[in-house]
Amino acid sequence: MNSAAPAVNWNSRNTSFPRADAWGGSRSEMGYSTPQRSGWSDRASSQGDRWNSGYRGGRYSNYGGRGGGLDEFSRRGEDGYGSWREGLHKIAPKNLHIERDLFGLPDDPDRQHTGINFEKYDDIPVEASGNDVPEGVSDFTSPPLDSHLLCNIELARYTTPTPVQKYSIPIVANGRDLMACAQTGSGKTGGFLFPILSELFKHGPSPPPPEQPGYTRGMSRSRKAYPVGLILAPTRELASQIYEEARKFAYRSWVRPCVVYGGADISAQIRQIDRGCDLLTATPGRLVDLIERGRVSLSQTRYLVLDEADRMLDMGFEPQIRRIVEQEDMPGVNDRQTLMFSATFPRDIQILARDFLKDYVFLSVGRVGSTSENITQKIEYVEEEDKRSVLLDILHSQPDSDRGLTLIFVETKRSADTLSVYLIQSNFPATSIHGDRSQRERERALDSFRTGRTPIMVATAVAARGLDIPNVTHVINYDLPTDIDDYVHRIGRTGRAGNIGLSTAFFNRSNKGVVRDLIELLKEANQEIPSWLETVAKETQSYGSRGSSRGGGRGSRGGNRDHRRFGGSSSERGGYGSSNEFGYYGGGYSSGNGGGYGGGNYGNANGNYKQSWW
DNA sequence: AAAAAAT
């Protein structure tokens with residue numbers, strides 16, 4: 001076939017649906033009648049062999065390192081990585097050591113939750129809108145998923161796609177972009193890893209970039225990594241968590257996952273990416289650093305994922321993200337597939353979606369196991385000076401038998417330290433995590449908490465979102481956050497995986513700023529509302545209303561609703577009433593490329609909408 | 001006001 005530049009071929013896949021296949025190769029098994037367009041895979045098969053054998057043949061790829069022994073495996077080609085040769089996916093042999101490391105033992109209680117499945121999927125509201133939204137899938141099957149990916153999904157003991165996965169699988173398989181409003185716990189990591197890895201398994205690596213002949217030249221020259229997939233995440237812990245999942249699902253495949261983030265030795269990370277870096281998970285700052293050092297190029301990136309996009313903007317990452325996406329060598333919006341995940345969909349995220357995505361499918365998905373059902377929320381009136389003793393009372397009254405984890409949120413790093421010291425002095429097995437601790441300390445704290453060695457952890461906002469820690473049975477808001485969204489995220493650390501969770505919040509006068517939102521939330525979740533709390537709310541007439549406190553700017557619960565206008569189809573599933581119009585768009589953005597914002601005149605920002613799944 | 005993130 002004609003050898004157009006990869007970008008052109010890549011581009012072509014977005015021109016029609018079912019898509020024309022940029023990779024070539026038979027796709028009849030997917031039911032898409034596809035004219036055989038090639039480019040990528042032809043080149044991959046002719047040049048990819050050298051690429052693969054030189055670059056990732058496995059001789060010096062001992063990466064994956066947990067302890068020794070892997071060198072030995074890698075010499076034998078048993079390091080858990082396969083390869084792509086002559087247009088075919090060569091799956092590596094099974095390696096029980098790696099398998100156990102990645103997936104745990106079948107009866108390991110620590111791992112039970114990772115692949116837990118829920119029968120209540122049907123209750124979860126899902127709204128999908130956009131042009132030609134692909135039909136959701138109801139099972140993990142091949143097609144549309146790659147059969148080797150199915151093996152890994154099975155090893156991870158996932159049996160049924162979560163709602164976000166149901167849609168993301170066909171959306172990505174059809175070459176579409178995705179904007180998903182979904183929480184951690186909705187299975188969103190799988191939601192982007194499954195379809196992306198599946199496509200990568202089916203189609204192999206990108207052709208080696210022309211400006212980099214160094215891949216055949218041995219190791220003397222500093223190499224550049226050309227990840228095909230890039231995942232950006234706001235915090236180091238989240239990045240590392242995504243990476244661990246990526247390792248599972250990339251097991252035995254040609255795809256080598258990598259992770260880079262700050263606070264860790266950069267030369268070790270460079271060595272890691274030198275061993276092969278196909279699917280890179282990164283925090284923005286460290287990635288920019290590596291790009292500046294010429295160690296990473298995004299010229300071959302065809303899948304871009306922004307996880308927790310709202311949080312990344314909250315944390316001021318927008319300039320770095322825009323630099324990475326728009327000002328480096330990443331293919332443009334039409335030449336890549338972009339998936340954005342965000343808990344909320346406020347104005348600045350809408351703008352980001354407009355700039356980074358093309359004709360995207362908008363998905364709004366509730367959490368698996370909604371807060372209202374699974375989490376009992378208690379609000380206690382506790383004065384500042386009584387907090388410690390009340391906390392001790394609570395901890396003493398918790399039966400040791402339940403072996404659950406207790407996560408305590410405080411507002412400042414300093415109080416995280418002092419409180420954890422106090423707890424330890426009071427003979428409670430506690431640890432703490434916050435941003436002033438070294439990365440090593442953070443990781444150790446998290447690990448010791450996860451494994452139950454210290455079943456109590458005091459945390460700042462660093463642990464509020466994104467982290468998936470199974471078995472947290474109690475979340476204590478020692479200090480309530482000022483933003484109700486943070487509260488929601490915090491209590492969302494419990495009640496996961498279909499389990500029952502308990503949340504206790506200490507409330508006093510200093511928290512009256514959130515009292516209205518809090519009551520609203522409790523009502524929505526069918527929780528008991530203490531009468532004193534209602535009293536406080538009445539006394540706090542003038543402020544506390546959502547709209548005013550946010551000044552119409554970045555309202556963080558911006559409503560998970562697609563603000564675009566469609567002439568065409570839109571499908572709705574589940575419990576979103578279509579009656580409550582709300583949003584932040586008064587004016588409207590002239591649509592840049594397809595499906596922009598038609599200046600819908602939505603109401604003001606004080607909308608009383610609710611997400612039914614909080 | 002605090003937290004997070006590149007050094």
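FYI, side chains are in, hydrogens and waters are out, and symmetry mates aren't considered; it's all heavy atoms of this structure. A note on names: the letters A, B, ... follow the listed sequences, proteins ahead of strands, and every chain is numbered from 1.
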(message) Which heavy atom of D355(A) sits nearest to which heavy atom of E326(A), and what is that distance?
(response) CB-OE2, 4.1 Å
(request) For a side chain to side chain contact (heavy atoms under 4.5 Å, CB included) with K413(A), tell me which candidate from I433(A), T460(A), T418(A) qualifies. (result) T460(A)
(message) Check the orientation of F506(A) and Y478(A). Use parallel for under 30°, tilted for 30 to 60°, and perpendicular for over 60°.
(response) tilted
(message) Once you measure the plane-to-plane angle for F507(A) and Y381(A), does it fall in the parallel (<30°), tilted (30-60°) or perpendicular (>60°) bin?
(response) tilted
(request) Sugar-phosphate atoms are those with a prime plus P, OP1 and OP2; base atoms are the rest. Using that split, label each nucleotide of nucleotides 2-7 of chain B B, S or - for protein heavy atoms under 4.0 Å, 5' to 3'. (result) SSBBBS
(message) Tell me every residue that passes side-chain contact (heavy atoms from CB on, under 4.5 Å) with E318(A), counting only those two or more places apart in sequence or in another chain.
(response) L313(A), R322(A), L352(A)
